[in-house]
Amino acid sequence: MSTSTLPLPSADAQAHSERLRRHIQAQIVAAGGHLPFWKFMELALYAPGLGYYSAGAHKFGPAGDFVTAPELSPLFAACVADALAPALRQAGKGAVFMELGGGSGAFAEACLTRLQDIGVLPARYAILEPSADLQQRQRERLQAQLAPALFARVEWLQGPIEQPWNGVLFANEVLDALPTPRFVLRGGAVHEECVGLDGDGRFVRCEQPADPLLVQAVERIRARLPQPLPDGYRSEVLAQLPYWLQAVVGGLRNGALLFVDYGYARQEYYLPERSDGTLRAFRQHHLIEDVFAWPGLQDITASVDFTALAEAGLAAGFEFSGYCAQASFLLANGLQAHLQAAEAQAADDVARHNLRQQVKRLTLPSEMGERFQVMGFQRGVDLEPAFALGDLSHRL
């Protein structure tokens with residue numbers, strides 16, 4: 001099915017999208033005629049009660065707009081649990097497992113189950129989830145699926161843990177959803193992409209001179225690329241990433257950080273031929289080129305610059321643990337053994353076939369295996385063994 005043949009949203013969904021559209025239009029008018037793109041993205045995804053992640057539409061799984069690795073298979077969470085278990089042990093008594101953006105709750109369910117099986121339960125499993133709707137869905141799922149004593153360890157945070165804490169922080173497909181600034185090169189100067197309105201009230205691209213923070217971030221990128229970027233080149237840069245990372249780790253003293261997302265090392269991200277960046281939208285498992293279409297009903301996302309993430313982790317005072325493709329990471333952390341154990345417990349050949357199909361989607365280069373990458377950081381613990389296969393740090 002092509003994007004042109006996607007069915008129209010329901011009447012209720014269209015009305016919801018129109019309410020968000022009018023809200024964003026009012027914000028643009030109030031701001032003098034345009035908003036920075038990152039602000040448009042923030043409103044489209046997170047406007048209270050209206051944004052894509054803030055409202056009640058089903059996001060994850062076959063019935064939603066995309067499938068994440070935790071929804072695809074509990075084997076993913078089992079491997080992550082095995083990878084982080086040594087760091088949890090080393091973090092000591094009272095260690096916290098903190099998950100950023102809990103999705104449907106599928107990861108927390110499978111991860112806690114695995115950590116209980118291997119005797120490495122954290123004192124607290126804390127989920128930092130900005131969406132009240134998703135919080136409720138996670139709570140209902142985990143309360144129904146976990147034993148009461150295990151569910152009692154789960155808590156939902158209103159913000160980062162500011163007091164001193166030890167443990168691990170995990171984020172799957174979080175960085176790609178951070179509202180990102182967009183830049184445009186004009187005559188060698190850096191401009192910021194904005195969103196304005198045409199005569200009919202439709203969202204349109206426009207530009208303004210970039211502020212010093214964005215200019216500095218873009219110039220640092222250009223200085224480190226092997227070839228110049230052409231005039232008119234557009235892309236994204238998360239200039240605020242170092243500040244965001246320091247904020248979300250809060251008071252973490254000893255522990256590990258683990259990020260899984262799709263993206264590239266910097267030189268691959270900013271290829272001259274990638275002249276319009278990596279920005280795109282998804283609705284009902286289909287790529288949507290028009291990020292302005294159906295606000296509130298489609299995800300908006302940009303790939304991750306893993307070189308920038310490495311720099312942010314080091315700037316926050318952590319040691320670099322490793323960087324590899326998702327397939328390598330899962331294979332290094334027990335995927336084959338987890339598959340064999342699951343197959344042994346499967347009810348029939350159909351169930352075993354489904355398990356093998358899940359593993360293929362998690363690991364094949366044409367699926368998630370190489371499009372998704374994993375990066376880790378550590379302080380006072382050792383996460384490096386989790387990156388024993390397929391090191392890609394030379395690309396950074």
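Keep in mind that this is a model prediction, so the values were computed, not measured.
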Verdict with supporting geometry, F107 and F170, ring pair (Phe, Tyr, Trp, His ring centres under 6.0 Å):
CA-CA 10 Å; F107 178 84; F170 174 70; 4.4 Å; yes

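- Judged purely by distance below 3.5 Å, without hydrogens or angles, the side chains of Y233 and D276 never pair a donor atom with an acceptor atom.
- Inspection of the Q378 and S321 side chains reveals an N or O donor paired with an N or O acceptor under 3.5 Å.
- Between the side chain of D200 and the backbone N or O of R202, no donor-acceptor pair lies under 3.5 Å.
- In terms of modelled atom types and a separation under 3.5 Å, the side chain of E42 and the main chain of A47 share no donor-acceptor contact.
- By the 4.0 Å N-to-carboxylate-O rule, R266 lies close enough to E311 to be salt-bridged with it.
- Exactly one of L157, V174, I127 qualifies for a side-chain contact (heavy atoms from CB on, under 4.5 Å) with L100. That residue is V174.
- When atom types are taken as modelled, the side chain of D176 and the backbone of S303 share no donor-acceptor pair closer than 3.5 angstrom.
- Between the side chain of D261 and the backbone N or O of V304 there is no donor-acceptor pair closer than 3.5 Å.
- Between E343 and R356, at least one side-chain N (NZ, or NE/NH1/NH2) sits under 4.0 Å from a carboxylate O, which counts as a salt bridge.
- When atom types are taken as modelled, the side chain of R224 and the backbone of R220 share a donor-acceptor pair closer than 3.5 angstrom.
- In this structure, the side chain of H286 engages the main chain of Q284 through a donor-acceptor pair within 3.5 Å.
- Under a 3.5 Å cut-off, the side chain of R274 and the backbone N or O of Y269 do form a donor-acceptor pair.
- Centroid-to-centroid, the aromatic rings of F259 and F306 stay 6.0 Å apart or farther.
- For the residue pair E236/T278, the side-chain donor-acceptor check at 3.5 Å is satisfied.
- When the options K39, E207, E193, Q208 are evaluated for a side-chain contact (heavy atoms from CB on, under 4.5 Å) with H34, the one that passes is Q208.
- At a threshold of 4.5 Å between non-hydrogen side-chain atoms, the residues R141 and S104 count as touching.
- Looking only at distances, a side-chain donor or acceptor of N166 sits under 3.5 Å from a matching main-chain atom of N254.
- Inspection of the Q373 and Y323 side chains reveals an N or O donor paired with an N or O acceptor under 3.5 Å.
- Side-chain polar atoms of Q326 and E370 form no donor-acceptor pair below 3.5 angstrom.
- Here E155 pairs with R124 in a salt bridge; the nearest charged N to carboxylate O distance falls below 4.0 Å.
- Under the 3.5 Å distance criterion, the side-chain polar atoms of S17 are left unmatched by any main-chain donor or acceptor of A13.
- With 3.5 Å as the limit, one finds no donor-acceptor pair spanning the side chains of Q14 and E18.
- No side-chain donor from either of D305 and Y264 sits under 3.5 Å from a side-chain acceptor of the other.
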Verdict with supporting geometry, E319 and R379, salt bridge (charged side-chain N to carboxylate O under 4.0 Å, His left out)
CA-CA 6 Å; E319 298 174 32; R379 184 159 62 201; over 6 Å; no

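- Of the possible donor and acceptor atoms, one in the side chain of N333 sits under 3.5 Å from a partner among the backbone N and O of A386.
- Using a 4.0 Å cut-off between a side-chain N of Lys or Arg and a carboxylate O of Asp or Glu, R205 and D198 do not qualify as a salt bridge.
- Across Q246 and A315, no two heavy atoms sit closer than the pair NE2-O, 4.3 Å.
- Under 4.0 Å is where a charged nitrogen must lie from a carboxylate oxygen, and between E192 and R182 no such pair does.
- Ring geometry for F377 against F320 counts as perpendicular: the plane angle is over 60°, on a 0 to 90° scale with 30° as the lower cut.
- Ionic pairing of R114 and D82 is present here: one or more N-O contacts between side-chain nitrogen and carboxylate oxygen are shorter than 4.0 angstrom.
- Remark: the R137 side chain and the S131 side chain contain no N/O donor-acceptor pair separated by less than 3.5 Å.
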